[in-house]
Amino acid sequence: MLNLKFIQDNPELVIEKLKRKNFDASEIVGNISDLYRQKNKLQGVADQAKAEMNSISKEIGLLFREGKKDKANAAKERTSELKENIKQFDVDFAEIEKNVNELLVQLPNLPHDSVPFGKGEKDNEILKTVGEIPKLLENALPHWELAQKYNLIDFELGVKLTGAGFPVYRGKGAQLQRALINFFLAEASKAGYEEVQPPLLVNEASGFGTGQLPDKEGQMYHVTEDNLYLIPTAEVPVTNIYRDVILDAKNLPYKNTAYSACFRREAGSYGKDVRGLNRLHQFDKVEIVQIAHPKKSYEILDEMVKHVTGLVEKLELPYRILRLCGGDISFTAALTFDFEVYSAAQKKWLEVSSVSNFEAFQANRLKLRFREEGVKKPILAHTLNGSALALPRIVAALLENNQTAEGIKIPKVLIPYTGFEIINQ
RNA sequence: GGAGAGAUGGCAGAGUGGUCGAAUGCGGCGGUCUUGAAAACCGUUGUACCGUGAGGUACCGGGGGUUCGAAUCCCUCUCUCUCCGCCA
């Protein structure tokens, strides 16, 4: 959520910047401005009335103690009108505040100046493409057929147990999953991220804090009985660790990594793009999160991009890095880099990571601040996160790209984690 | 699922109708002392909003009520803890 005062002081700037996200903010900003003025005006008179009320009450207290009952009772009579007014002020004030908040949560984060203009996927800027596209054998198989051939993943069994999009990994398929998770966590730890194991269900406040609620509840599975949500990413619980806290500037940045299962309803998606591992309702992911000083957050974003780059390179996967355009970037992000790996049998680029700087947008919702030496008022921190990495599409690319006549070769870095070098019969 | 207890500042913990934004202790910060440190002593130490400022207002889990006045009384919701039951 954008800062109210900032909008009030820079309405034109907000409207201008949001054009890059193809968002016309003029009406909302105008309404916010009007409401804000009403709110301040009302607070002025309301506070004055309350101040008067407080002083009369104090006076009455004193009079009673002195035994001057008549005077006290006379004073009481003056309060009834004041009381009515205050009541009305409070009702009006709450109403205005509610309206302001409803408008505020509708405004997306301001995009960074480097975000390209654009409507959708095809307008994303390809920053670099690295690695050789492997030349596969004539009879190369897509990963869902490889998975079946080597008994790695059972999609039908998942349908039986749960439904489409909930595959069962088994044998070396399951071991490969575990190996990847361990590899990613080890790399994150090496890079200084503290590992956490968060809950997989979160409450409403957490969903609001990172921006999934109120608008995107359709994306999450909702346990209505207890009003809890299955996390769509570990970003939600991990970032919410820092909800309602004031950190010490000298401890910044805070770095956390977490492995978690992720759950996405992804309502309405179907067709050939969802074959195999390309799009699932439940998948595994290792996430990295940083809480940063505003002056350092873009430096840190680069650092996180480098970390993810290291992962795909170690896995020897051809990849490319995209700078998301205004039409494709999320509601909450200011700048996002996507990583895609090439899945050679499908002949497709698959998104495996999204690394974003949210600046103070989430922090404002989270009330996540830090205290700087010599500055009285706490300052909103910047939050960043990235997938490092999401498993299914990595698995898809690994299976497809590394298939040979002898079987599927495991990349060197993973062998210590899998305990095997090849997947064959 | 059953029974009971509780929710107060970074933490611990007082406070049962007015002078309480809130005692006290710990922690934090600043200082005195010291070659340095510890100890001791002194001072300081919440957040948000409004106001150029002086200052004002709100906040003792959330919401509502009683009252001139509520951390304190009443209602309600949520959460936490303890015991019992069940259970990885």
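Here is how names work: the chains are called A, B, and so on, in the same order as the sequence lines, proteins then strands, and each is numbered from 1. Keep in mind that this is a model prediction, so the values were computed, not measured.
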Side-chain touch Phe263(A)/Met220(A), heavy atoms, less than 4.5 angstrom: no
Distance below 4.0 Å between Lys367(A) side-chain N/O and G46(B) OP1 or OP2: no
Selection from [options] that lies nearest to any side-chain heavy atom of [X]:
{"X": "Lys76(A)", "options": "C68(B), C50(B), A58(B)", "answer": "C68(B)"}
{"X": "Lys87(A)", "options": "U47(B), G65(B), A58(B)", "answer": "G65(B)"}
{"X": "Lys377(A)", "options": "U57(B), C49(B), C50(B)", "answer": "C49(B)"}
{"X": "Lys50(A)", "options": "C68(B), A58(B), G46(B)", "answer": "A58(B)"}
{"X": "Thr79(A)", "options": "C68(B), C49(B), A48(B)", "answer": "C68(B)"}
{"X": "Arg369(A)", "options": "G56(B), A48(B), G69(B)", "answer": "A48(B)"}
{"X": "Asp47(A)", "options": "G56(B), A48(B), U67(B)", "answer": "G56(B)"}
{"X": "Lys39(A)", "options": "U57(B), C68(B), C49(B)", "answer": "C49(B)"}
{"X": "Ala51(A)", "options": "U57(B), C50(B), A48(B)", "answer": "U57(B)"}

Between [N] and [M], how far apart are the two [atom1] atoms, rounded to whole Å?
{"N": "A22(B)", "M": "A12(B)", "atom1": "C1'", "result": "16 Å"}
{"N": "A71(B)", "M": "C81(B)", "atom1": "P", "result": "28 Å"}
{"N": "G25(B)", "M": "C68(B)", "atom1": "C1'", "result": "37 Å"}
{"N": "G1(B)", "M": "C86(B)", "atom1": "P", "result": "15 Å"}
{"N": "C74(B)", "M": "A70(B)", "atom1": "C1'", "result": "11 Å"}
{"N": "G43(B)", "M": "G56(B)", "atom1": "C1'", "result": "27 Å"}
{"N": "G85(B)", "M": "A3(B)", "atom1": "C1'", "result": "11 Å"}
{"N": "C29(B)", "M": "A39(B)", "atom1": "P", "result": "12 Å"}

Plane angle bin for Phe361(A) and Phe331(A) - parallel if under 30°, tilted between 30 and 60°, otherwise perpendicular: perpendicular
Aromatic plane relationship, Tyr417(A) with Phe183(A) - under 30° parallel, 30 to 60° tilted, over 60° perpendicular: perpendicular
Applying a 4.0 Å non-hydrogen cut-off, can you work out what [X] is touching in the nucleic acid: base, sugar-phosphate, or nothing?
{"X": "Ile60(A)", "value": "base"}
{"X": "Tyr36(A)", "value": "sugar-phosphate"}
{"X": "Asn54(A)", "value": "sugar-phosphate"}
{"X": "Lys41(A)", "value": "nothing"}

Carboxylate-amine/guanidinium contact Asp90(A) Lys50(A), below 4.0 Å: yes
Test item: side-chain donor near acceptor, Ser206(A) and Asn203(A), under 3.5 Å: yes
A5(B): pairing nucleotide in any strand, Watson-Crick or G-U under 3.5 angstrom: U80(B)
Residue met sooner reading RNA chain B from 5', once Gln43(A) and Lys250(A) are mapped to nucleotides: Lys250(A)
Residue whose nearest RNA chain B nucleotide is more 5′ - Lys58(A) or Phe93(A): Lys58(A)
Within 45° cone of Phe420(A) ring axis and under 6.0 Å: Lys172(A) NZ or CZ: yes
